[in-house]
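Note that the coordinates shown come from a computational prediction; the quantities given were computed from them, not determined experimentally. Just so it is clear: chains get the letters A, B, ... in the order the sequence lines come, proteins before strands, and each one is counted from 1.
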2 protein chains.
Amino acid sequence: MQITIDIDAEEPLFAQLMGGIKAAVSAGTLAPGAPLPSIRQLANDLDLNNKTVAKAYQLLERDNIIQTKGYRGTFVHPDAKAHVDFDLNAWVAGQISDTVEACRARGATDSEIRIAFANLMQNKMNGGQ
Amino acid sequence: MQITIDIDAEEPLFAQLMGGIKAAVSAGTLAPGAPLPSIRQLANDLDLNNKTVAKAYQLLERDNIIQTKGYRGTFVHPDAKAHVDFDLNAWVAGQISDTVEACRARGATDSEIRIAFANLMQNKMNGGQ
DNA sequence: CTATGTACCATGTATATAAGGGGTACATCT
DNA sequence: AGATGTACCCCTTATATACATGGTACATAG
């Protein structure tokens with residue numbers, strides 16, 4: 001598994017790592033069921049912090065690309081190749097884009113949309129206005 | 001028109017002003033067609049900055065509560081009472097809430113949703129992953 | 001004892017934004 | 001000249017967040 005991490009890149013480190021693993025799965029370098037390095041091992045190899053690798057692993061598991069089996073380590077998900085093409089972030093971006101467009105069409109300013117979003121994500125819901 | 005502005009309130013000054021004017025329109029204190037104080041005049045009376053009052057007026061005109069007629073001043077919109085009950089911000093909040101819920105249901109983290117939203121509103125659209 | 005993933009505490013850096021203010025200037029019409 | 005709404009420029013304040021890092025600790029199973 002050859003993954004290159006560029007400290008100076010704009011893309012976050014954990015995202016680079018995710019991309020590298022997904023690419024390896026897609027290319028077959030990482031076959032379904034194959035074991036992945038432990039978090040600490042990979043962090044050491046790539047000169048990353050444990051938490052950065054752990055974050056990438058958690059998101060990859062959430063996306064059904066890998067599977068963690070506790071003390072037994074982490075493995076490529078049996079159906080990894082079926083899920084590696086689905087980009088959740090892209091789907092989310094599309095959903096949000098549609099909604100924002102609808103709000104703009106109703107006359108809402110970007111500032112208002114941002115505020116509504118921020119209130120929602122903070123569970124504040126002051127109502128305001 | 002009796003509008004009280006509380007400097008120490010959490011609600012922004014321009015929002016307080018908007019609320020006060022909408023309340024006056026709703027109560028009939030400000031009848032459709034009635035003239036409103038000029039931006040500078042109202043800013044002086046309420047001890048606000050011109051730009052704060054101008055912002056409130058702009059949003060109220062956008063919401064069809066008032067009408068500005070350039071050098072002739074600003075007036076209550078003829079159909080103000082029909083529009084005063086529609087809360088654009090509440091509508092926007094509802095739309096966004098639905099979309100965010102859908103994204104969460106697909107497994108997206110709040111952090112990912114925030115990032116997708118921020119990218120969209122900045123016209124960056126790096127894609128990233 | 002060692003390794004696994006995971007959880008929690010904390011830090012620092014950088015970015016983006018809201019809200020409000022101060023000032024200046026403009027075309028318009030009276 | 002004076003008033004109108006409007007449009008720029010600048011600024012400070014506070015808040016929220018992402019990202020990455022440090023350390024410590026835990027239950028699990030070998």
K.L.:
If I take atom CZ from residue A:Arg40 and atom CG from residue A:Asp45, how far apart are they, to the nearest 0.5 angstrom?
P.N.:
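Output value for this atom pair is 14.0 Å.
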
K.L.:
Anything under 30° is parallel, anything over 60° is perpendicular, the rest tilted; go ahead and classify B:His77 against B:His83.
P.N.:
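It falls in the perpendicular class, over 60°.
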
K.L.:
Looking only at heavy atoms, what is the nearest atom pair of B:Asn50 and B:Ile39, with distance?
P.N.:
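Taking B:Asn50 first and B:Ile39 second, the nearest heavy atoms are O-CG2, 3.5 Å.
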
K.L.:
Tell me: CD1 of A:Ile113 to C1' of C:dA18, nearest whole Å?
P.N.:
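The distance from CD1 of A:Ile113 to C1' of C:dA18 comes to 15 Å, rounded to the nearest Å.
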
K.L.:
Rounded to whole Å, please give me the gap between CZ in A:Arg72 and C1' in C:dT4.
P.N.:
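Result: 11 Å.
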
K.L.:
Counting only heavy atoms not in A:Asp47, do more than 12 sit closer than 6.0 Å to its CG atom?
P.N.:
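No - once you tally the heavy atoms of other residues, nucleotides and ligands closer than 6.0 Å, there are 12 at most.
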
K.L.:
Roughly how far apart are B:Ile113 CD1 and B:Arg106 CZ, rounded to 0.5 Å?
P.N.:
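Going from CD1 on B:Ile113 over to CZ on B:Arg106, the span is 12.0 Å.
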
K.L.:
Between protein and nucleotides 20-23 of chain C, what N or O pairs are separated by less than 3.5 Å?
P.N.:
from	atom 1	to	atom 2	distance (Å)
C:dG20	OP1	B:Leu13	N	2.0
C:dG21	OP2	B:Asn49	N	3.3
C:dG21	OP2	B:Thr52	OG1	2.7
C:dG22	OP2	B:Asn49	ND2	3.4
C:dG22	O6	B:Lys51	NZ	2.9

K.L.:
Rounding to an integer number of Å, can you tell me how far B:Asn119 CG sits from C:dT17 P?
P.N.:
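Going from CG in B:Asn119 over to P in C:dT17 covers 11 Å.
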
K.L.:
Is any side-chain nitrogen or oxygen of B:Ser111 closer than 4.0 Å to OP1 or OP2 of D:dA18?
P.N.:
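True: B:Ser111 side-chain N/O within range (under 4.0 Å) of D:dA18 OP1/OP2.
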
K.L.:
Output the rounded distance in Å from CZ (B:Arg40) to P (D:dG2).
P.N.:
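Those two atoms, CZ and P, are 13 Å apart.
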
K.L.:
Given that B:Arg114 and B:Ile39 both sit by DNA chain D, which one's nearest nucleotide is further toward the 5' end?
P.N.:
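It is B:Ile39, whose closest nucleotide lies nearer the 5' terminus.
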
K.L.:
Counting the atoms with a prime plus P, OP1 and OP2 as sugar-phosphate, which does A:Glu61 contact under 4.0 Å by heavy atoms, base, sugar-phosphate, or nothing?
P.N.:
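Counting heavy atoms under 4.0 Å across all strands, the contact made by A:Glu61 is with sugar-phosphate only.
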
K.L.:
Would you say A:Thr74 places a side-chain N or O within less than 4.0 Å of OP1 or OP2 belonging to C:dT4?
P.N.:
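Checking C:dT4 against A:Thr74, no side-chain N or O comes under 4.0 Å of OP1 or OP2.
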
K.L.:
Looking at the side chain of A:Tyr71, which of C:dA19, D:dG30, D:dG5 is the nearest nucleotide?
P.N.:
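Nucleotide nearest to A:Tyr71's side chain: D:dG30.
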
K.L.:
Among all residues two or more places apart in sequence or in another chain, which pass the side-chain hydrogen bond (donor to acceptor under 3.5 Å, both in side chains) test with A:Asn49?
P.N.:
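Expected list: none.
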
K.L.:
Expressed in angstrom and rounded to an integer, what is the separation of B:Ile115 atom CD1 from D:dA20 atom C1'?
P.N.:
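Rounded to the whole Å, the gap is 13 Å.
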
K.L.:
For A:Leu13 and A:Ile7, work out which heavy atoms get closest and say how close.
P.N.:
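Taking A:Leu13 first and A:Ile7 second, the nearest heavy atoms are CD2-CA, 4.2 Å.
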
K.L.:
For D:dA3, does either OP1 or OP2 sit under 4.0 Å from a side-chain N or O belonging to B:Gln41?
P.N.:
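Checking B:Gln41 against D:dA3: no side-chain N or O falls below 4.0 Å of OP1 or OP2.
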
K.L.:
Could you tell me the separation between the CD atom of B:Glu10 and the P atom of D:dA16, rounded to a whole number of Å?
P.N.:
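Rounding to the nearest Å, CD of B:Glu10 and P of D:dA16 are 11 Å apart.
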
K.L.:
Using a 4.0 Å heavy-atom cut-off, does A:Gln67 contact any base of the nucleic acid, only the sugar-phosphate backbone, or nothing at all?
P.N.:
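Result for A:Gln67 = nothing.
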
K.L.:
Over how many whole Å does the gap from B:Gln122 atom CD to D:dA16 atom P extend?
P.N.:
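Spelled out: CD on B:Gln122 to P on D:dA16 is 19 Å.
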
K.L.:
Rounded to whole Å, please give me the gap between CG in A:Leu59 and C1' in C:dT6.
P.N.:
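Rounded to whole Å, this separation is 14 Å.
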
K.L.:
OP1 or OP2 of D:dA3 versus the side-chain N and O atoms of B:Ser38: is any pair under 4.0 Å?
P.N.:
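Negative; the distance criterion is not met.
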
